[in-house]
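Take a look at the structure below.
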Amino acid sequence: MDDAYCETPAPDRAPVDAGPPYAECVLCRKPTEYPESTKGNTLCPVCAWQEAARTACSG
């Protein structure tokens, strides 16, 4: 049996993050996942989740 066939390949490195500058959340001013060049209202993940909950419950 060929031993090379059963070898597990080395994992690929995770892609390097583009890094700052990130856009600020329009509600809490924390950094978002979006670059500064993003147009419109940018929300951090926490504020986006809270806004979605408010919208869903507003009937």
Side-chain angles (χ1 to χ4, degrees):
M1 180 179 253
D2 186 14
D3 289 334
Y5 178 78
C6 295
E7 288 180 12
T8 304
D12 292 336
R13 294 187 140 211
V16 176
D17 211 0
Y22 292 113
E24 286 185 346
C25 176
V26 295
L27 299 177
C28 70
R29 298 291 187 208
K30 290 184 181 176
T32 65
E33 302 170 333
Y34 307 104
E36 277 187 348
S37 61
T38 303
K39 303 280 188 221
N41 292 340
T42 53
L43 299 174
C44 70
V46 173
C47 290
W49 181 79
Q50 290 172 345
E51 186 68 23
R54 281 192 291 270
T55 303
C57 294
S58 65

Output side-chain donor-acceptor pairs under 3.5 Å for residues 36-45, partner residues at least two apart or in another chain, one line each.
{"from": "Thr38", "atom 1": "OG1", "to": "Pro35", "atom 2": "O", "distance (Å)": "2.9"}
{"from": "Thr42", "atom 1": "OG1", "to": "Glu24", "atom 2": "O", "distance (Å)": "2.8"}

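Alongside Val46, the hydrophobic cluster contains no other residue (criterion: ILVMFWY side chains under 4.5 Å).
Take Glu51 and apply the side-chain hydrogen bond (donor to acceptor under 3.5 Å, both in side chains) test, not counting sequence neighbours, and it matches Arg54.
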